*Asks:* 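Quick one: the structure is below, and I'll ask about it shortly.
For clarity, every value in this text was computed on a predicted model and none was experimentally measured.
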Amino acid sequence: MGDHDLFVKKGYDGLYTLNDFLLGIWFLIGSVFFYFEHLKDWGVTLFVLGSLQMLIRPTIRLFHRFQLKKHYEKEYEKQQ
């Protein structure tokens with residue numbers, strides 16, 4: 001794929017990194033909240049949010065692969 005991979009992958013790498021960063025924040029804050037009884041409900045909420053966000057990771061990867069496939073199909077059709 002070479003240079004084409006960098007072109008198509010650039011935006012998705014940003015989304016993937018942002019998702020991972022936010023995921024880490026939710027779990028870190030949620031873990032700290034468990035030290036305080038009055039914040040445990042918020043901690044659980046952040047854990048659920050982080051768990052849902054973990055589903056976003058493969059979704060980004062799948063969307064990227066579909067876009068990549070579409071891109072290369074168009075390139076192939078142009079060459080025909």
*Asks:* Measuring only between side-chain heavy atoms, which start at C-beta, is Arg57 closer than 4.5 Å to Leu23?
*Replies:* yes
*Asks:* Quick one: sort the Phe27 and Phe47 rings into parallel, tilted or perpendicular, breaks at 30° and 60°.
*Replies:* tilted
*Asks:* To the closest 0.5 Å, what do you measure between OG1 (Thr45) and CD1 (Ile29)?
*Replies:* 12.5 Å
*Asks:* More than 12 foreign heavy atoms under 6.0 Å from NZ of Lys40: is that the case here?
*Replies:* yes
*Asks:* Verify the cluster assignment for Phe36 and Trp42: are they in a single hydrophobic cluster under the rule of side-chain heavy atoms below 4.5 Å apart?
*Replies:* yes
*Asks:* Using 0.5 Å steps for rounding, measure from the CG atom of Leu49 to the CE atom of Met54.
*Replies:* 12.5 Å
*Asks:* Would you say Phe34 has more than 12 foreign heavy atoms packed within less than 6.0 Å of its CZ?
*Replies:* yes
*Asks:* Do Tyr35 and Trp26 sit in one hydrophobic cluster, given that two such residues count as connected whenever their side-chain heavy atoms are within less than 4.5 Å of each other, even indirectly?
*Replies:* yes
*Asks:* To the nearest 0.5 Å, what is the distance between CD1 on Ile56 and CZ on Arg61?
*Replies:* 13.5 Å
*Asks:* Step by step, would you call Lys70 with Phe66 a side chain to side chain contact (heavy atoms under 4.5 Å, CB included)?
*Replies:* CA-CA 6 Å; Lys70 188 185 328 181; Phe66 287 134; over 6 Å; no
*Asks:* Do Leu15 and Leu22 belong to the same hydrophobic cluster, where Ile, Leu, Val, Met, Phe, Trp and Tyr are linked whenever their side-chain heavy atoms lie under 4.5 Å apart, directly or via other members?
*Replies:* no
*Asks:* Determine, step by step, whether His64 and Tyr16 satisfy the side chain to side chain contact (heavy atoms under 4.5 Å, CB included) criterion, reporting the C-alpha distance in whole Å, the side-chain angles of both residues, the deciding distance to 0.1 Å, and the verdict.
*Replies:* CA-CA 10 Å; His64 174 232; Tyr16 204 76; over 6 Å; no
*Asks:* Using the rule that Ile, Leu, Val, Met, Phe, Trp and Tyr join whenever any side-chain heavy atoms are under 4.5 Å apart, tell me whether Phe21 and Leu28 fall into a single cluster.
*Replies:* no
*Asks:* Measure the spacing between CG of Asp13 and CD1 of Ile60 and express it to the nearest 0.5 Å.
*Replies:* 10.0 Å
*Asks:* In this structure, would Ile25 and Val44 fall into the same cluster of hydrophobic residues linked by side-chain contacts under 4.5 Å?
*Replies:* no
